Amino acid sequence: MAGRAAEPPADVTLRRWAREQARLKASVVAEDTEEWQKDSGLTGLERVGGVDLSYIKGDDTRACASLVVLSYPALEVLYEDCRMVAVSAPYVPGFLAFREVPFLVEAVQRLQQEEPKLKPQVLLVDGNGLLHPRGFGVACHLGVLTDLPCVGVAKNLLQVDGLVRDELHKEQVHSLQREGDTFPLRGASGGVLGMVLRSYNNSSKPLYISVGHRVCLETAVRLVKSCCRYRIPEPIRQADIRSREYIRKQLCSPLEVISSGPESRKKEAELDD
DNA sequence: GCGACAG
DNA sequence: ATCTTGTCGC
């Protein structure tokens with residue numbers, strides 16, 4: 001059952017993907033467009049979504065895509081959708097969206113069809129938005145394709161436009177003493193690409209926040225701050241927890257144990273050749 | 001050429 | 001992303 005590793009994309013594919021990113025980037029709106037965003041207390045915001053994909057260790061083809069919607073500001077789970085999906089594109093830094101976004105778009109469409117009243121007013125996305133080699137990370141990509149406000153929340157710095165994880169950066173991160181502290185990420189070309197946020201007192205490892213779609217950076221940071229019970233903002237954390245749990249149950253089902261045992265694995269190896 | 005490289 | 005439980009500390 002374990003799928004073989006996806007082939008590294010040919011250069012022609014990467015060029016096509018880059019062109020697609022450039023085409024869609026023209027539709028990104030990097031400023032607030034909603035009423036609730038205009039208030040510093042985010043009054044009017046009632047539902048925040050989170051998305052994530054969890055993968056199986058030795059399997060490059062199957063993953064669980066999850067979309068959750070939490071109430072705001074209580075952060076209680078109102079909606080959960082976990083589904084096994086067949087991943088076809090490999091992970092290539094800078095092209096994460098081509099691997100994950102199709103399943104997230106499907107999840108959003110399913111939600112709109114089945115529970116339109118629970119449609120989130122904004123989505124928190126694992127990964128970057130404008131903080132990206134071509135200024136069009138997964139949070140922008142998902143935002144444009146769904147026309148939903150999106151915020152990029154990355155757990156590691158993607159080195160782009162002169163930004164590096166050097167000693168200076170580590171010093172700046174170290175200077176974030178209390179939760180809520182931030183400093184801007186200014187690219188070599190001048191503009192602020194994102195914000196580094198200490199989201200939790202008990203963790204010195206920060207988050208890298210950037211604009212996805214239909215939200216400005218200040219609002220994005222304010223929103224993420226107000227969604228953090230722990231280091232990872234609750235919508236993404238719940239999506240992560242639930243997709244991993246979904247996979248864990250899949251792997252523990254009797255059928256799955258049998259079909260992925262040493263016996264059948266041998267047969268699959270033969271069939272693969 | 002070498003290293004870096006969101007998830 | 002994933003491999004990994006309990007454990008030491010605030």
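By convention in this document, chain letters (A, B, ...) are assigned in the order of the sequence lines, proteins followed by strands, and residues within each chain are numbered from 1. All values reported here derive from a predicted model rather than from experimental measurement.
Between A:I232 and A:D240 the shortest side-chain heavy-atom distance does not fall below 4.5 Å.
Whole-Å rounding puts the A:L96 CG to C:dA1 P distance at 11 Å. Going from atom CD1 of A:I56 over to atom C1' of C:dT2 covers 11 Å, rounded to whole Å. Put simply, CD1 on A:I232 is 13 Å from C1' on B:dA6, counting in whole angstrom units. In this structure, A:L157 places its CG atom 9 Å from C1' of B:dA6, rounding to the nearest Å. At whole-Å resolution of the value, CG in A:D166 and C1' in B:dG3 are 14 Å apart. To the nearest angstrom, C1' of C:dA1 lies 8 Å from CD of A:E100. Note: NZ (A:K57) to P (C:dT2) measures 12 Å, nearest angstrom. Residue A:H169 contributes atom NE2, which lies 11 Å from atom P of B:dC5 at whole-angstrom precision.
Salt-bridge check for A:R242 with A:D52: failed, with every basic side-chain N at 4.0 Å or more from each acidic carboxylate O.
In this structure, A:D32 contributes its side chain and A:E34 its backbone to no donor-acceptor pair below 3.5 Å. A donor-acceptor pair under 3.5 Å is formed between the side chain of A:R231 and the backbone N or O of A:K205. No side-chain donor-acceptor contact under 3.5 Å links A:E80 to the backbone of A:V68. The backbone N or O of A:L67 lies less than 3.5 Å from no partner atom in the side chain of A:D81, so there is not a single donor-acceptor pair.
Distances from the side chain of A:S54 to the nucleotides B:dA4, C:dT2, B:dG7 place C:dT2 closest.
For A:K155 and B:dG7, the shortest distance from a side-chain N or O to OP1 or OP2 is below 4.0 Å. Dashed line: the shortest gap from a side-chain N or O of A:Q159 to OP1 or OP2 of B:dA4 is not under 4.0 Å. Residue A:N201 places none of its side-chain N or O atoms closer than 4.0 Å to OP1 or OP2 of C:dC10. Distances shorter than 4.0 Å separate none of the side-chain N or O atoms of A:R99 from OP1 or OP2 on C:dA1. OP1 and OP2 of B:dG7 both lie 4.0 Å or more from every side-chain N or O belonging to A:Y55.
Side-chain contact of A:S226 with A:Y72: a donor-acceptor pair under 3.5 Å is present, judged by distance alone.
Base engagement by A:G94 is indicated by at least one non-hydrogen atom pair under 4.0 Å involving a base atom. Across all strands, A:N156 comes closer than 4.0 Å only to sugar-phosphate atoms, never to a base (heavy-atom distances). A:F98 comes within 4.0 angstrom of nothing in the nucleic acid, heavy atoms only.
In this structure, A:Y208 does not pack face-to-face on the six-membered ring of B:dA6, missing the 5.5 Å centre cutoff or the 30° plane limit.
Applying the 6.0 Å contact sphere to CD of A:E114 captures more than 12 heavy atoms from other residues, nucleotides or ligands.
Remark on DNA chain C: of its neighbouring residues A:N202 and A:D240, the 5'-side contact belongs to A:D240, judged by nearest-heavy-atom nucleotide.
Near DNA chain B, meaning a heavy atom under 4.0 Å from it, residues 133-146 of chain A has A:G137, A:V138 in order of number.
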